[in-house]
Amino acid sequence: MKVDKNRLPIHIGFIMDGNGRWATKRGMPRKFGHKRGADVLEKIVDYCFNIGIKYVSVFAFSTENWKRPKEEVDYIFNLLRDYIRKQNEKNTNQRQKEIEQKNIQIHTMGDLTKIPKDLYDEILKIKTETNDCDKFVLNIAMNYGGRDDIVYAVNKLLKANKKEINERDISSALYTADIPDPDFIIRTAGDVRLSNFMLYQSAYAELYFTKTLWPDFKPKHLDKALKNYTKRNRKFGNVN
Ligand code: FPP
């Protein structure tokens, strides 16, 4: 990778868009795009891990995605189930864990009470088992919405009888309480919007949009995005 490693983002968010279009373009049902999208995600997560990114957040299922046909919703949850199960198996196989030295912590954001119960149980298991892994955090947005995240945080603060709140209170009540804000958000497939992804946390994130569809997104595309990121001047409201 030909980018300045010292200027890499600590936390990257991915809005993995374009799975459906990728499949439709090939005359295949949309679910093939999601399957390919899940495979691409594994490769990109590995790549991020290898180049030293510490946190990756991915938009796997939004609070609005329930409007899709049930078959597609079920299929996406199946992919999530397969992924989490695979991670759980890796984790219980101590030898494999030692060989891989991956140390991936799985984190989620979103209201998990609405997702299928067996997936919920698998997620609780992997979250508990990987809680002390500190090399890399994969934060998966499931039944997630940025506005819902803020409402969740405010309700949490109300329940704690807070009378007056500040920005730090909200940050630490969000689903991402233990995770720093994203430095860089990449959206694939051409649309130029955040679509309710990490609204509070993205206040100072650098945004990057590419026409490449998520199932076509490769490490070389990420390199290009990162090269662009490393040239940006992040001012955080300051003068230079
Ligand atoms: C957006 O493409 C993609 C989704 C709503 C689902 C993303 C899910 C995965 C990549 C798989 C599961 C994730 C994990 C963590 C294993 P779209 O369907 O909106 O595409 P379109 O805009 O072309 O229709």
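Keep in mind that this is a model prediction, so the values were computed, not measured. First listed ligand is number 1; within each ligand, the first listed atom is number 1.
Put simply, the side chain of Arg30 does not reach to within 4.5 Å of the side chain of Pro69, judged on heavy atoms. No side-chain heavy atom of Asp149 sits under 4.5 Å from any side-chain heavy atom of Leu199.
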Notebook entry, point to check: Would Asn78 and Arg81 count as a side chain to side chain donor-acceptor pair (under 3.5 Å) if you check the C-alpha gap in whole Å, the side-chain angles of each, and the deciding distance to 0.1 Å?
Noted result: CA-CA 5 Å; Asn78 282 342; Arg81 194 178 281 110; 2.6 Å; yes
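Note on residues 151-171: pairs passing ring-ring contact (aromatic ring centres under 6.0 Å, His included), not counting sequence neighbours, are Tyr152-Tyr175. Pairs engaging residues 198-214 under the salt bridge (charged side-chain N to carboxylate O under 4.0 Å, His left out) rule: Glu206-Arg232, Glu206-Arg234 [sequence neighbours left out].
Of the protein's heavy atoms, Ala60 O, 3.4 Å lies nearest to atom 6 (C) of ligand 1. At the top of the distance list for atom 3 (C) of ligand 1, counting protein heavy atoms only, stands Met16 O, 3.2 Å. The nearest protein atom to atom 4 (C) of ligand 1, hydrogens excluded, is given as His34 CE1, 3.9 Å; this is a heavy-atom distance.
The existence of a salt bridge linking Asp39 and Lys35 is confirmed by a sub-4.0 Å separation between a basic side-chain nitrogen and an acidic carboxylate oxygen.
Of all atoms in ligand 1, listed by their number and element, those nearer than 4.0 Å to a heavy atom of Leu80 are 13 (C), 14 (C), 15 (C). Every atom of ligand 1 is numbered from 1 in the order shown, and the set under 4.0 Å from a heavy atom of Leu41 is 14 (C), 15 (C). Below 4.0 Å from some heavy atom of Tyr83 lie the following atoms of ligand 1, by number and element: 16 (C).
In this structure, Trp66 and Phe77 have tilted ring planes: the angle between them lies in the 30° to 60° band.
Among the atoms of Asp17, some N or O lies under 3.5 angstrom from an N or O of ligand 1. Any N or O atom pair closer than 3.5 Å counts here, and Gly20 shares at least one such pair with ligand 1. In terms of polar-atom proximity, Asn65 is not counted as a contact of ligand 1, lacking any N or O under 3.5 Å from an N or O of the ligand.
With Arg68, Arg30, Arg21 as candidates, the residue nearest to atom 19 (O) of ligand 1 on a non-hydrogen basis is Arg68.
Heavy atoms of Gly18 approach ligand 1 to within less than 4.0 angstrom.
In this structure, Asp169 contributes its side chain and Asn166 its backbone to a donor-acceptor pair below 3.5 Å.
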